[in-house]
Protein chains: 2
Amino acid sequence: MANTKNACGPGEQDGEQGGAVQPSIWERLDTPRGGRTTLTHAGIAEAAVALADAEGLEAVSMRKLADRLGVATMALYRYVDSKDELLELMTDAVIDSAALVADPGDWRAVFGEVAVRRRETALAHPWLSAAQAHVPTTLTPSRNLVVERMLGALEPLPLTGDQKMQLIRALDSYARGASDGEVYQRMMLERRGFGFDGDIRILLRSNMQWLLRSGRYPRFARVVQDGLAPADAAAEFDQGIEALLDGLAVRFGI
Amino acid sequence: MANTKNACGPGEQDGEQGGAVQPSIWERLDTPRGGRTTLTHAGIAEAAVALADAEGLEAVSMRKLADRLGVATMALYRYVDSKDELLELMTDAVIDSAALVADPGDWRAVFGEVAVRRRETALAHPWLSAAQAHVPTTLTPSRNLVVERMLGALEPLPLTGDQKMQLIRALDSYARGASDGEVYQRMMLERRGFGFDGDIRILLRSNMQWLLRSGRYPRFARVVQDGLAPADAAAEFDQGIEALLDGLAVRFGI
DNA sequence: CATCTTGGCGTACGATGTACACAAGACGCG
DNA sequence: CGCGTCTTGTGTACATCGTACGCCAAGATG
């Protein structure tokens, strides 16, 4: 089994006053700091994001980041408990929830905008998907704000809290999967020597030989060989979102 | 910009005979090896998977893996060019495409089965999502086999190759996003001290204090406070899949 | 047997995350 | 102003990691 501990954690599992079992960095963010303040959480996160954007996630090391900030390596540890926490800060920092401008009363518009924005963010910061996978972080301030906005859009509809959350999770699932999948494909393209912005069909074509040779994938080979139209990933993403929301709306009678 | 190189890669970008630009490990898999053969690709992958299942992905180091196999560290490098390639092997090894048993003529059944299987695999091997994110790998043999099967199920339908692929990608997107999201939530639960199999609502509840205190998320706080029913993640996953496929079927007139 | 190819081994190097002890700047109180 | 006291920034040190390189052994081939 993968889980090393399965007993309940620190503090009573269900206590009303229990507080956050671990301060979880977001709690510490806005607590005022005394003494010297050459560094800030925001500044650190921003520099880390810039570094990852410029040189990739694997280039983000505590040493390099500290160098960029003109500070000793260990100074960073006064602000984050570990590198993983730094990654958490980064994943939260790239979500610009201020950019949501859709009519708050039109839930389909709000949901669509959230999804599209997520895809754009993922493509603009290709390291994001890997960072989120390495440091599982549901529930960051920015992400909570997005949930809040979606809940607001669902307010006038006759749905239970559970149904609203299910709707939000469904959108999140599709948007996450489609965005990550697209990013992974593009990173694959880049790794193979074609650029991040290359034609995705190159991947399929360069794979075709392998498909044909083994003979185990006749249908796949045929589809690739017959040629595919140039992909419009953004439009396909939209169609998927609309299809999913259509289907769920029918099920929920809205 | 994140992309370091945007020019076309090795070989001519569009050459007909171009072959795989890099041997890409899958090519090397079934080429026969001479000399001693105490190791095999399959054995290495299996041991690595077992290690990751037991101690987590971060415990998978070349040294520990070699120890487990009773072999020197560098021996592994005769079979994989890098640790990243090892991760690729692992991600392919856990996909058991032999387990697909749905009626091949019923495309909805086939698609549903593929999605469900994917979720089960992701939950059974929580490291999988992170591994796939770290080493973007579309197009592995096992994955190709799944695509082949789905294409087979779509054969009788009046769809173009592009439409078939779009359908497959849409299912892949939702299944990936929902599975990864669920895994991340559970890993988060485990990291916080509640087990991997704990009640997901604990996460929300422990987050509630933060929600209430800041006052920026009134709706979110209310929904959590009003209490949520125990989640049936599998059923919710199914509903999402069905909703998505319904919506797309309408769009494609099938 | 001689030779060659391939597979496994041991060592070594640079980079990484971070624990720990210490110095230096800011603040409260006299 | 002077002096504790707390917080922030620093320097060193260590375990661990991926992996380049050179060597030896084992099986195949002549």
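So that the names make sense, note that chain A is the first sequence line, chain B the second, and so on, each numbered from 1.
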* Asked: For C:dG8, does either OP1 or OP2 sit under 4.0 Å from a side-chain N or O belonging to B:Y79?
  -> yes

* Could you give the NE2-to-C1' distance, from A:H134 to C:dG17, as a whole number of Å? -> 11 Å

* Can you tell me the distance, in whole Å, between the CG atom of A:L39 and the P atom of D:dT10? => 8 Å

* To do: State whether a side-chain donor-acceptor pair under 3.5 Å links A:D92 with A:W26.
  => no

* Residue B:A75, side-chain atoms from C-beta onward, closest of C:dG8, D:dT10, D:dG18 -> C:dG8

* Nucleotide of C:dT18, D:dC17, C:dT11 approaching B:M74 most closely (side-chain heavy atoms) -> C:dT11

* Asked: Between A:Y174 and A:F237, what is the ring plane arrangement, given parallel below 30°, perpendicular above 60°, and tilted in between?
  -> tilted

* Spacing of B:L76 atom CG relative to D:dC17 atom C1', expressed in whole Å -> 14 Å

* Structure fact -> Separation of C:dC9 atom P from B:D67 atom CG, nearest Å, is 11 Å

* Length of the NE2-P vector between B:H41 and C:dT6, whole Å -> 15 Å

* First locate atom CE of B:M187, then atom CZ of B:R192, and finally report the distance between them rounded to the nearest 0.5 Å. => 14.0 Å

* Structure fact -> Sorted by position of nearest nucleotide on DNA chain D, 5' first, the leading residue of A:T73 and B:V60 is A:T73

* Asked: Contact class for B:S82 (heavy atom, under 4.0 Å): base, sugar-phosphate, or nothing?
  -> sugar-phosphate

* Using whole Å, report how far CZ of A:R63 lies from C1' of D:dC14. => 11 Å

* Asked: Just wondering, are more than 12 heavy atoms of other shown residues or ligands nearer than 6.0 Å to CD in B:E46?
  -> no

* Structure fact -> Rounded to whole Å, CE of A:M62 lies from C1' of D:dG11 at a distance of 16 Å

* Measure the distance from OH on B:Y77 to P on C:dG10 and round it to the nearest whole Å. => 17 Å

* Residue pair B:E55, B:R68: steps toward the salt bridge (Lys or Arg N to Asp or Glu O under 4.0 Å) verdict -> CA-CA 13 Å; B:E55 305 183 34; B:R68 283 225 173 183; 3.1 Å; yes

* Structure fact -> Winner on side-chain proximity to A:A72, out of C:dG17, C:dT11, D:dT10, is D:dT10

* Structure fact -> DNA chain C nearest-nucleotide lookup for A:R78 and B:T38: closer to the 5′ end is B:T38

